Number of protein chains: 2
Amino acid sequence: MTTRQAGLRERKKQATRVALREAALRLALERGPDDVRVDDIAEAAGVSPRTYNNYFSSREQAIVAAVTAEREARVAAAVTARPAGTGLAEAVIDAIVEHYTDPGEHGRDALLMITTRPALREAFIGATTAIERPLAEAIHERLGETGRHTARVLAASVAAAVRVALEDWVRPGSASGGLVVVSGSLPDLLRGALAPLAPALDAADQRHTRPDRSPAS
Amino acid sequence: MTTRQAGLRERKKQATRVALREAALRLALERGPDDVRVDDIAEAAGVSPRTYNNYFSSREQAIVAAVTAEREARVAAAVTARPAGTGLAEAVIDAIVEHYTDPGEHGRDALLMITTRPALREAFIGATTAIERPLAEAIHERLGETGRHTARVLAASVAAAVRVALEDWVRPGSASGGLVVVSGSLPDLLRGALAPLAPALDAADQRHTRPDRSPAS
DNA sequence: ACGCAAACTTGCGTGTACGCAACTTTTGTC
DNA sequence: GACAAAAGTTGCGTACACGCAAGTTTGCGT
């Protein structure tokens, strides 16, 4: 076995997954997302329509995945990579802002299309949940063995905050009523949404640094 | 117009919604959830199948809604109802624990069925998102006008934490590897999951009480 | 090298979600 | 009280998600 522990099977699976999502995005950009049939995507990726559905459970999911894929892992890796002295809040927030600001290798036109069509918007927003697991592991590593549940909760909260920021970013315009006019730059929105969680992140960090009492009264 | 501003239209809509979800749950309990067709639910509620789909976008959603409905509003109301002196974290956590522990008017057999079938489990877990909006408004009222965005983020985080707790609660058993053996009582799980967020909730509360510096650096 | 077991793919069938356009009910206005 | 606009309901047609069981590929022990 020369290729690490990867295994042919796993590599093929990833290849199929990538082929499917790339095909989905390309076709959606070419013809417009409403003129892409599942069969087309499957054919372009060289698999049967049924197999397509083994990888993605909706067309929107496949298209969006081409943009959001691997962001999760990169963010988690970035969190792990911050120097150990860095506070947890700073590490997490910086990692997120950094990797969400980068539009990925796919151009802005993809994001434009996604943020324009409601169905794609929803899938895009829903994709935020995917960072929970890797992020939880990254936080868990920093907190040590005691903080496993805490790590999951914090990761889920961070994901939720990111989702809120993306909702604001993606939202059409402000209400004509003159109230909410948020739509700043994405980094600002992210920092703004994550800021309220900083106390929780740092508190967990402190508790790990000097473990004392349990949280229950 | 005798009935407040409710309007006949709105009342009929709610009645249909209730009829649909109650019918969905009743039929699912009677025959088992896999032997209930959408047409059956629609017929039992006295509407067309197409109308059913104007209210719920999946069968699971309708069944689960019968159990989770109005929890959202009750929790939000409970948060608002706590005396103003109470800390935000305490108010929110107590309100949630109180209303999620109560199994609602529908018996435990409904919950048993839901937590048994994977598809229903997922819908049940997914329903947690529904408290975000009312909870955000409740928190917003406590924080004052400055904290609108903060309130949304905190509400989303709380909902995420609740989801984590429910996932643990619903999860079959522990892994045979001997690691994670969580499954305590639901109240304990909820408090455990919400505890890490307490610092964030209280920090927001403090800031509103005496507004001073910004959270950065 | 061989062969078995597990994992993945595929075709088929069923039940479903949802856009669309016609029709009915409710609401506010004169 | 009548009417026009708004909101809701319904049938139809299309595309889709997914369980199931058969066929194919990969992994691994011998």
Side-chain angles (χ1 to χ4, degrees), chain A residues 1-21 23-24 27-28 31-65 116-123 126-127, chain B residues 1-21 23-24 27-28 31-65 116-123 126-127:
Chain A
M1 203 69 47
T2 60
T3 55
R4 256 183 309 281
Q5 295 185 348
L8 173 59
R9 201 166 225 153
E10 195 59 27
R11 270 180 294 140
K12 264 191 161 181
K13 242 174 84 167
Q14 289 312 318
T16 303
R17 180 175 297 272
V18 171
L20 279 170
R21 69 187 185 215
L27 290 176
R31 320 179 181 173
D34 294 339
D35 282 331
V36 180
R37 304 277 141 263
V38 155
D39 298 26
D40 304 332
I41 300 175
E43 187 184 1
V47 296
S48 81
R50 184 63 183 82
T51 295
Y52 156 85
N53 259 321
N54 289 340
Y55 285 85
F56 298 99
S57 53
S58 82
R59 208 177 43 252
E60 291 76 22
Q61 209 174 97
I63 298 176
V64 162
T116 300
R117 310 276 172 156
L120 290 178
R121 273 214 305 249
E122 199 171 343
Chain B
M1 202 74 41
T2 60
T3 55
R4 248 184 316 279
Q5 293 186 349
L8 173 59
R9 200 167 227 150
E10 195 59 27
R11 269 179 294 139
K12 266 192 160 180
K13 241 173 85 168
Q14 290 311 318
T16 302
R17 179 175 298 271
V18 172
L20 279 170
R21 68 186 185 215
L27 290 175
R31 319 180 182 173
D34 293 338
D35 283 329
V36 180
R37 306 277 140 264
V38 155
D39 298 27
D40 304 333
I41 300 174
E43 188 184 0
V47 295
S48 81
R50 184 62 183 83
T51 295
Y52 156 86
N53 258 321
N54 289 340
Y55 285 84
F56 298 100
S57 53
S58 83
R59 208 176 45 252
E60 291 77 22
Q61 209 174 98
I63 298 175
V64 162
T116 299
R117 311 276 171 155
L120 290 177
R121 274 214 305 250
E122 198 171 343

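In what follows, chains are A, B, ... by sequence order, proteins preceding strands, each numbered from 1. These numbers were taken from a predicted model, which means no experiment stands behind them.
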Close residues, residues 32-48 of chain B, relative to DNA chain C [heavy-atom separation under 4.0 Å]: V36(B), R37(B), V38(B)
Partners meeting side chain to side chain contact (heavy atoms under 4.5 Å, CB included) with E43(A) (sequence neighbours left out): none
D40(B) versus D35(B), closest heavy-atom pair with distance: OD2-O, 4.3 Å
Under 3.5 Å: donor-acceptor pair, side chain of Y52(A), backbone of S58(A): yes
Minimum-distance pair of heavy atoms, taken over all atoms of T16(A) and V47(A): CG2-CG1, 3.9 Å
R50(A) vs R50(B), nearer the 5' end of DNA chain D by closest nucleotide: R50(B)
Over all atoms of both residues, closest heavy-atom pair of A24(A) and A62(A): CB-CB, 3.9 Å
Non-hydrogen atoms of L20(B) and I41(B) that approach each other most closely: O-CG2, 3.7 Å
Could you write out each protein N or O paired with an N or O of nucleotides 22-26 of chain D at a distance under 3.5 Å?
unit_1	atom_1	unit_2	atom_2	d
dT26(D)	OP1	K12(A)	NZ	2.4

Neighbours of DNA chain D within residues 54-65 of chain A, by heavy-atom distance under 4.0 Å: S57(A), S58(A), R59(A)
Atom pair distance, as rounded to whole Å: CG in L20(A) and C1' in dT9(C): 12 Å
Over 12 foreign heavy atoms within 6.0 Å of CD, Q61(B): yes
Nucleotide dT25(C), atom P - distance to CZ of R11(B) in whole Å: 17 Å
Length of the line joining N53(B):CG and dT9(D):P, which is rounded to integer Å: 13 Å
Global bending angle along the helix from dA1(C)-dT30(D) to dC30(C)-dG1(D), which compares the axes of five pairs at either end, to 10 degrees: 40°
For F56(B) against N53(B), the heavy-atom pair lying closest together: O-OD1, 3.0 Å
Salt bridge (charged side-chain N to carboxylate O under 4.0 Å, His left out): pairs with one or both residues in residues 46-62 of chain B, sequence neighbours excluded: none
Whole-Å distance separating the CZ atom of R17(B) from the P atom of dT9(D): 10 Å
Which atom of D34(B) lies closest to which atom of R117(B), heavy atoms considered: OD2-NH1, 2.8 Å
side-chain N/O K13(A) vs dC8(C) OP1/OP2, d < 4.0 Å: yes
Protein-nucleotide distance (Q14(B), atom CD; dA7(D), atom C1'), rounded to Å: 14 Å
